[in-house]
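One-based numbering, in listed order, for ligands and for the atoms of each.
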Amino acid sequence: MILDGQRTFLWSGEMHPFRVPSPDLWRDVLEKMKAIGFNTVSFYFDWGFHSPAPGVYDFTGVRDMDRLLTIADQVGLYVIARPGPYINAETDGGGFPAWLATQAGRARSDAPDYLAATDEWQSAIDAIIARHQFTDGTGSVVLYQIENELAATGTSQRNYLQHLYDKARADGIRVPIFHNDKGRNGYWVPPSSTVPGTLPGPVDLYAFDGYPGGTCHTDGSVGSPNAAPDWGIQGAGGAKGGATASDKTPGFTAEFGGGWFDYWGSVGTYPCTAIRQGPGYERVFYGTNIANRLTVQNFYMVSGGTSWGWLPAPVVYTSYDYGAAIDEGRQLRPKAQTLKTLGYFVQSVAPLTRVDKGDAVPTSSAATKIEHTVNAETGTNFYFAVHNPSSATTDDSFTFPVTTADGTYTVPLRLNGQDAKTLVANYDLEGNHLVYSTSEIMTHLRGVALLHGRDGEAGETVLRYPSEPRVQVLEGAAEAAYDAATGDLRLTYSHHGIIRVRVTAPDRPSLTLLIADEDAAATFWRVDDMLVRGPQLVRSAHVHNGRLALTGDTKASSPLEVWAPARTLTWNGKPVATRPDNGALLAVRNLPGPRDIALPDLTAWRYAAESPEAKPGFDDAAWRTADLTATNSTTKPPAGQVVLTADDYGFHHGDIWYRGHFDGPAPASVTLDWGGGGAGLAQAWLDGVHLGQRTIPSGVASPPTRNNDTFPISSDLQTDGPHVLSIMVRNNSHNEDGGVNDAHKEGRGVIGATFDGVVPSGVTWRIQGTAGVDPVRGPLNNGGLYGERNGWSLPGFKDRSWSPVSQPFAAAAPGTSWYRTSFNLRIPADVDASLGLTIGDPAVPRSDRHYRVLIFVNGWNMGQYIADVGPQHTFALPTGVLDPHGRNTIALAVTGDGSSGLEDVRLTTLGVARR
Ligand code: IPT
């Protein structure tokens with residue numbers, strides 16, 4: 001369907017199901033995506049989230065993927081399935097399961113052991129995806145991606161891609177297969193491409209990615225915009241021109257920036273990113289893509305969500321909010337409303353999918369330019385007006401010529417700030433002929449056309465009629481002038497609020513123009529062939545026997561007006577009294593907003609100290625003895641030395657303990673070469689005495705992940721043995737493998753230890769990590785803290801023997817201590833409350849306290865607060881993990897140097913809606 005004559009714009013948003021492991025939440029986010037104008041959702045599937053060990057794929061998450069694809073279909077979204085095997089995506093190991101870290105063969109190559117592993121994964125995930133293919137009429141999956149950004153292009157990679165392609169086809173994948181070319185190299189184009197300099201690959205479609213919008217400054221300030229690139233028919237063309245690398249397939253950007261991620265030790269850039277890549281960016285950059293005939297566009301991310309548990313790669317912290325249109329707390333940002341105008345437009349104006357570059361169109365101002373496209377079949381012209389260069393933010397009023405079958409017009413337009421507009425000329429607008437409009441088309445249906453423009457800017461809309469039509473200005477101010485010589489009816493106005501004009505002419509359907517400013521446009525929702533105004537979200541609309549059943553959200557008391565083939569209506573199941581109003585149905589009274597909600601104070605806590613592993617007498621007899629002398633890890637110790645790295649012993653995530661037993665005199669210092677990922681932590685004790693803690697430096701976008709640190713030992717401890725050196729390493733995840741260099745195999749935990757600079761002999765090392773995979777929450781939920789190994793993180797744990805404590809909390813001993821509390825939530829059934837947990841002062845990115853917290857909510861590891869690194873203080877507690885109508889338990893594992901107490905902890909509200 002996509003290969004032969006695409007007629008549907010695929011307007012897609014990225015959402016990661018593994019970042020929101022809750023079907024309730026998936027449905028909510030997918031309904032919101034649909035409501036803001038997406039017809040497609042794109043997902044990665046994270047192999048590492050689904051497979052705790054070779055051959056093991058029966059973990060709950062895989063079953064949930066089936067459900068997710070059903071939900072996407074029910075919501076009415078096409079799906080772009082991206083099962084990797086490599087995904088990047090700022091996830092642990094770039095989506096690789098951690099057990100690949102010890103594999104001999106190079107990942108992302110044709111090494112047989114690696115291909116055997118990818119076969120396993122594809123067999124598991126393809127069986128699910130294959131059940132949901134649009135081409136079979138059993139689902140909505142329309143495209144399938146193999147690999148991601150495979151920037152190495154040797155024979156081995158060619159073989160590997162072919163292997164993935166063949167395996168997908170053998171597994172019953174029938175939809176078109178593509179790859180995502182990092183940064184437009186012309187790599188892996190379909191064999192049909194005739195473009196010189198490209199590299200053919202086993203794909204049906206060519207796709208590329210790009211993040212040209214710019215990020216925020218490290219101080220969190222927004223800075224000035226970039227110029228938008230022409231990665232299609234308006235650009236330089238050729239193998240490196242973006243879509244032009246493949247001349248026989250649709251222009252397809254598999255990832256186009258919808259925000260950006262943030263790093264440990266940043267000042268917290270998500271709010272800034274939401275502005276930098278906000279409404280103006282969307283209009284300029286996505287509009288440029290439309291003018292370049294990129295008819296398959298996926299924005300990464302539209303809903304970023306939460307990198308819970310041990311999911312986040314070293315380059316990112318718990319929040320993967322991304323500054324995306326739907327924030328981490330599931331709320332629509334202002335940029336979602338701009339996306340809505342664009343999404344409705346590309347889905348309403350069908351001629352947009354089949355355009356060619358039009359004649360050059362000059363403008364009266366050098367500070368502006370037009371990118372012109374024409375649909376040869378319908379004669380519809382599109383004028384994409386933007387500053388020249390498109391990075392400019394000046395206020396420019398100018399004119400340009402519109403020349404169509406209707407004649408030539410000199411059209412006035414204004415661009416103020418980071419802005420762009422796509423204007424339509426020579427178009428059949430609901431059976432009325434649109435000559436042109438300087439308002440943008442948002443959508444139109446059954447005699448109603450919704451146009452929009454910036455508040456206070458002048459607009460004109462010209463329609464053509466053989467005789468003078470009747471014009472009624474129903475609301476707001478507009479002037480109408482009919483020119484009998486040309487047949488042109490010219491409406492002129494200034495955008496403000498909503499202007500309603502009805503035009504009635506013989507022999508054609510009457511047309512109601514709703515001309516909205518941007519704030520007013522945001523109050524409109526199109527669902528299938530119905531239009532609704534007023535509420536803050538409309539999720540669904542169904543007509544049955546003349547009754548329209550609407551569902552949606554209000555965040556405040558809101559009007560309700562609908563254009564639908566119905567006489568009566570219900571809102572969230574309750575009848576709404578209406579009266580007819582100019583072709584619409586208008587609710588007699590406003591819909592109510594949500595009731596206030598009350599959150600419990602977290603006052604009563606129970607406390608217990610932990611880290612018994614630090615004590616000399618601790619019994620580690622059941623621990624694994626480190627006895628491997630050879631490893632496949634990329635960070636092998638020198639020959640003959642014992643391997644200490646955690647993955648080699650099957651401990652892949654979270655905290656790892658080591659106990660080194662030795663006799664003889666203790667050294668004056670111990671130096672560790674250790675791998676801890678982003679802002680990782682190492683703590684050490686000799687014979688129960690704390691030697692200190694070290695953190696891997698952060699505060700940069702690509703932080704170091706491995707460090708050398710020396711722990712001095714005071715003279716009074718330098719006694720004769722026996723001794724026990726206890727070490728705890730927090731593994732803040734495996735590196736990604738974006739460079740195809742096995743970077744995910746870098747060792748975690750202790751890589752090497754020296755005493756006074758010399759590798760000691762006669763040390764017996766024992767190692768301990770997670771007790772096993774949580775059968776519900778999966779492999780990324782738990783590490784090897786004593787408390788985790790003994791159920792302290794779980795809601796059912798009996799903590800009555802623990803000490804009662806309250807805030808402000810006192811300092812605890814070095815190591816880990818736990819705080820637990822339970823509370824009831826009584827959120828009313830008709831309220832969707834998005835809640836968070838806040839620790840410390842969110843106004844200060846990092847405090848002067850040297851501790852970190854793992855946050856367990858009903859047993860789910862919802863992330864990590866690092867007081868002296870930052871910046872995240874508020875952690876989203878997703879509905880589904882949190883029970884809004886019942887009892888909830890929070891367990892905090894606080895690990896630090898014992899110098900200060902845990903800061904203030906409280907529940908916070910991220911957004912409230914009535915639904
Ligand atoms: C691109 C990846 O494809 C995607 O998985 C994610 O990592 C994204 O970037 C950034 O969030 S990689 C590219 C920008 C080099």
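- Between Y300 and Y322, the two ring planes are perpendicular [angle over 60°; tilted spans 30° to 60°].
- Those atoms of ligand 1 that come under 4.0 Å of a heavy atom in N148, given as number and element, are 2 (C), 3 (O), 5 (O).
- Nearest to atom 7 (O) of ligand 1 among the protein's heavy atoms is E90 OE2, 2.5 Å.
- Here the side chains of V41 and F43 are in contact, with some heavy-atom distance below 4.5 Å.
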Show the numbers, then the answer: is there a salt bridge (charged side-chain N to carboxylate O under 4.0 Å, His left out) between R82 and E255?
CA-CA 11 Å; R82 310 209 292 161; E255 288 176 26; 3.1 Å; yes
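- Shortest contact from atom 4 (C) of ligand 1 to any protein heavy atom: E255 OE1, 3.4 Å.
- Between W47 and Y114, the angle of the ring planes lies from 30° to 60°, which puts this pair in the tilted group.
- Contacts between K182 and ligand 1 below 4.0 angstrom, taking non-hydrogen atoms only, involve the side chain exclusively.
- Taking only nitrogen or oxygen atoms, main chain and side chain alike, N88 reaches within less than 3.5 Å of ligand 1.
- Short contacts between ligand 1 and Y322, defined as distances under 4.0 Å to a heavy atom of the residue, involve ligand atoms 10 (C), 11 (O).
- For I87, every heavy-atom contact with ligand 1 shorter than 4.0 Å involves the backbone, none the side chain.
- Residue A89 approaches ligand 1 through these ligand atoms, each under 4.0 Å from one of its heavy atoms: 4 (C), 5 (O), 6 (C), 7 (O).
- Every atom of ligand 1 with a heavy atom of Y320 under 4.0 Å away is listed here by number and element: 11 (O).
- Set against the non-hydrogen atoms of E149, the atoms of ligand 1 under 4.0 Å away are 1 (C), 2 (C), 3 (O), 12 (S), 13 (C), 15 (C).
- Note that R184 lies in the cation-pi zone of W231, set by a 6.0 Å cut-off to the ring centre and a 45° limit from the axis.
- In terms of protein heavy-atom proximity, atom 8 (C) of ligand 1 is nearest to Y211 OH, 3.4 Å.
- The six-membered or imidazole ring of Y317 lies away from that of Y263, with a centre-to-centre distance of 6.0 Å or more.
- Two rings, from F96 and Y86, have their centers less than 6.0 Å apart.
- Using a 30° and 60° split on the angle between ring planes, W11 and F299 fall in the perpendicular class, above 60°.
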